[in-house]
Novice: 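Here you go, one structure.
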Amino acid sequence: MIEAGKPATKLRSEALSILLERGLVHQCTDIDALDRTLSAGPITAYAGFDATAASLHVGHLMPLMTMRWLQKLGHRPIVVLGGGTSLIGDPSFRKDARPMLEEQQIAANIASIRRSVERMLDMDGADGALLIDNAEWLNEFRFLEFLRDYGSQFTVNRMMTFDSVKSRLDAQMPLTVLEFCYMMLQAVDFLELAKRQDCVLQVGGSDQWGNIVNGIELGRRDGRKLHGLTVPLLTTASGAKMGKTAAGAVWLHPEHLSPFGFWQFWRNTADADVGRFLRLFTELPLTEVERLAALEGAELNEAKRILATQVTTILHGPEEARAALQQGDALFSGEEELTEPTHTLARSTLAEGLGLLELVVAVGFASSNGEARRLVEGGGVRLNNSIIDDARRRIAIGDLQANERLTVSVGKRRKALVGFE
RNA sequence: GGAGGAGUGCCCGAGUGGCUAAAGGGGACGGACUGUAAAUCCGUUGGCUAUGCCUACGUUGGUUCGAAUCCAACCUCCUCCA
């Protein structure tokens, strides 16, 4: 293993130089060999994603960006959605086993995840990116056959030395055979892709190192030279693992996090992260990145707007990104306001005496009346831009603005325009 | 198979009969300060038709006026012995 950034000789391939300067490489196998392979001509590379949730999240953006760059430079990306492996659950660096998922659930997750992948990569044409479900081959294996063919290629001794499971073993936490076999399956995935699609590179999160290496070794026994590359773990400058907001994880699928919510997430990047994030998550030229990152104080806000808009464009498209930018500016300028209602309630609710708490819940800013009450009593709720701290406040027709609408906001970042029909 | 230990709120973790919706910390959210940043400080952090009611300390029963706390069985995990 070679730590990123220390090639023995000068790099020749554009792909690797770009990935390195963008900060997308954490570690990789024999960097010179990979460099030669990449500069010799187009290759096929793959990244695998679990289908354990209905959407990918920001952490998955790095392997996706890596694939995107590779595609841009003429290589062919394959995304493997782990329909087969998700039935097992990757134990890497986890303290306990994942809950088992049903096939049906996994199928639904794959369908949903597919959408985000299609936004990030060009799927068209003969050179387009491929989306493959590893259930395609994993489901075909017969148990004894599998054990004879592949089980004989792995030793438990070696498997136990991987950091990904070592911590679990050292902590004396149980590691089931089911989970232990996961790394074999991922290794087989790599070999199958090598055979079927001539895939020679696997990209994954840094926690995937062990799994990737296993695949490479399996390939070597089959006479193949395979390569591995991991992207860094996404953390904030303050060291925290990234990807949480008020609403939970930062999802890529618009049904789980609106494009505006996604834009906001990037807009709120900490100062110290701006440069790094521009490099990792946008395709702006590095000279531009340097210029933006060099801004100081309040000027950095401009860099954050650009960051947010660029990333949102890549994931959700230019239209959505522009809309999010406008919404963001409108929300925080204090001048402009939202123009389109974000929520619509029945007009009859007004006559019935709609409570402020109910309204806050109705627009999704609180999940219960109790939570809404706390927000109100804590002075965090505004109605038409004035703070209301009376939890018993009821909304009447007279509260509507001239346009028959009502703005409700919680904190500085959440604002809704409610229409009544 | 035998002996001992553990299971608490989003997470970690205190609590061994009433004063416990449960200390403390983390995280999260709201407020102040700011630049929609960081750091800091303050507040909140089970639900409801709300001066009351309901649900909650692995599960199910029991003892008691009263149980997270005592008892029994069960489930799961850990340690030691075989």
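In the text below, chain A, chain B and the rest are named by the order of the sequence lines, each starting its count at 1.
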Novice: How close or far is atom P of B:rA38 from atom CG of A:Asp273, stated in whole angstroms?
Specialist: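 Those two atoms, CG and P, are 10 Å apart.
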Novice: Taking the basic N atoms (NZ, or NE/NH1/NH2) and the acidic carboxylate oxygens, is any pair closer than 4.0 Å for A:Glu358 and A:Arg394?
Specialist: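 The answer is yes: the pair qualifies as a salt bridge.
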Novice: Mind checking the CG-CD spacing from A:Leu81 to A:Glu136? Nearest 0.5 Å is all I need.
Specialist: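 Spacing of CG (A:Leu81) from CD (A:Glu136) equals 11.5 Å.
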Novice: Indicate, with a heavy-atom threshold strictly under 4.0 Å, whether A:Arg373 touches base, sugar-phosphate, or nothing.
Specialist: base
Novice: Determine the contact category for A:Gln264: base if any of its heavy atoms lies under 4.0 Å from a base atom, sugar-phosphate if only primed atoms, P, OP1 or OP2 are that close, otherwise nothing.
Specialist: base
Novice: Under 4.0 Å from any atom of RNA chain B, heavy atoms only: list the residues of residues 313-320 of chain A that qualify, in numerical order.
Specialist: none
Novice: Sugar-phosphate atoms are those with a prime plus P, OP1 and OP2; base atoms are the rest. Using that split, label each nucleotide of nucleotides 44-49 of chain B B, S or - for protein heavy atoms under 4.0 Å, 5' to 3'.
Specialist: SS-SSS
Novice: Rounding to an integer number of angstrom, what distance separates B:rC53 and B:rA3 when you compare their P atoms?
Specialist: 46 Å
Novice: Taking atom CE of A:Met65 and atom CG of A:Leu19, what is their separation to the nearest 0.5 Å?
Specialist: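 If we round to the nearest 0.5 Å, A:Met65:CE and A:Leu19:CG are 10.0 Å apart.
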Novice: Under a 3.5 Å threshold, yes or no: a donor from one side chain and an acceptor from the other, between A:Gln208 and A:Gln202?
Specialist: no
Novice: Pick the C1' atom in B:rU59 and in B:rG25, then give their distance to the nearest Å.
Specialist: 30 Å
Novice: Would you sort out whether A:Arg305 and A:Glu302 count as a salt bridge (Lys or Arg N to Asp or Glu O under 4.0 Å), showing the intermediate values?
Specialist: CA-CA 5 Å; A:Arg305 280 176 83 233; A:Glu302 181 55 22; 3.1 Å; yes
Novice: CG of A:Leu300 versus C1' of B:rU36: gap in Å, rounded?
Specialist: 13 Å
Novice: Rounded to the nearest angstrom, tell me the gap between atom CD in A:Glu299 and atom C1' in B:rU36.
Specialist: 17 Å
Novice: Measuring only the P atom in each nucleotide, how far is B:rA67 from B:rU76? A whole number of Å is fine.
Specialist: 28 Å
Novice: In whole Å, measure the gap between the C1' atoms of B:rC33 and B:rG58 for me.
Specialist: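 Per the computed distance, 46 Å lies between those C1' atoms.
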Novice: Atom CG of A:Asp389 to atom C1' of B:rG43: distance rounded to whole Å?
Specialist: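 My rounded result for the distance is 14 Å.
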Novice: In whole angstrom, what separates A:Asp329's CG from B:rG35's P?
Specialist: 17 Å
Novice: Measure the spacing between OH of A:Tyr150 and CE of A:Met184 and express it to the nearest 0.5 Å.
Specialist: 9.5 Å
Novice: Please compare A:Val410 and A:Glu296 by the position of their nearest nucleotide in RNA chain B and report the one closer to 5'.
Specialist: A:Val410
Novice: Is it true that A:Asn214 and A:Gln186 share a donor-acceptor pair across their side chains at a distance under 3.5 Å?
Specialist: no
Novice: Parallel, tilted or perpendicular, judged at 30° and 60°: which one describes the rings of A:Phe277 and A:Phe281?
Specialist: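 A:Phe277 vs A:Phe281 ring planes: perpendicular.
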Novice: Would you call the rings of A:Phe365 and A:His343 parallel, tilted or perpendicular if under 30° counts as parallel and over 60° as perpendicular?
Specialist: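 Answer is perpendicular, since the angle exceeds 60°.
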Novice: Which value, in whole Å, describes the distance between the C1' atoms of nucleotides B:rC29 and B:rU36?
Specialist: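 One C1' to the other, the span is 16 Å.
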Novice: Among B:rG35, B:rA50, B:rU36, which nucleotide has an atom closest to any side-chain atom of A:Lys304?
Specialist: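 The closest nucleotide is B:rG35.
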Novice: I need the A:Glu192 CD to A:Tyr46 OH distance, nearest 0.5 Å.
Specialist: 11.0 Å
Novice: Are there runs of at least three consecutive Watson-Crick or G-U pairs touching RNA chain B, with each pair's two distances under 3.5 angstrom? Give them by first number.
Specialist: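 So the stems come out as B:1-7 with B:75-81, B:10-12 with B:24-26, B:27-32 with B:40-45, B:46-48 with B:52-54, B:58-62 with B:70-74.
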Novice: Taking atom C1' in both B:rG27 and B:rC71, what distance in whole Å separates the two?
Specialist: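 After rounding to an integer number of Å, I get 38 Å for this pair.
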Novice: On a whole-Å scale, what distance lies between the P atoms belonging to B:rA23 and B:rU16?
Specialist: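 Going atom to atom, P in each nucleotide, I get 14 Å.
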Novice: Between A:Leu357 and A:Arg382, which residue's closest nucleotide on RNA chain B lies nearer the 5′ terminus?
Specialist: A:Arg382
Novice: For nucleotides B:rC70 and B:rG52, find the distance between their P atoms and express it as a whole number of Å.
Specialist: 30 Å
Novice: Between A:Glu404 and A:Arg347, does at least one N-O distance fall below 4.0 Å, as a salt bridge requires?
Specialist: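 Yes, charged N to carboxylate O under 4.0 Å.
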Novice: Does the side chain of A:Arg267 reach to within under 4.5 Å of the side chain of A:Asn301, using non-hydrogen atoms?
Specialist: yes
Novice: Report the distance from atom CZ of A:Arg305 to atom P of B:rU36, rounded to the nearest whole Å.
Specialist: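 These atoms are roughly 12 Å apart.
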Novice: NA contact type, A:Gly297, heavy-atom cut-off 4.0 Å: base, sugar-phosphate, or nothing?
Specialist: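 If one applies the 4.0 Å heavy-atom cut-off, A:Gly297 turns out to touch a base.
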Novice: Between P on B:rA37 and CG on A:Asn268, what's the gap in Å once rounded to a whole number?
Specialist: 6 Å
Novice: Can you tell me the distance, in whole Å, between the NZ atom of A:Lys412 and the P atom of B:rG30?
Specialist: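 The distance from NZ of A:Lys412 to P of B:rG30 comes to 9 Å, rounded to the nearest Å.
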Novice: Is the closest basic N to carboxylate O distance between A:Asp271 and A:Lys304 below 4.0 Å?
Specialist: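 The answer is yes: the pair qualifies as a salt bridge.
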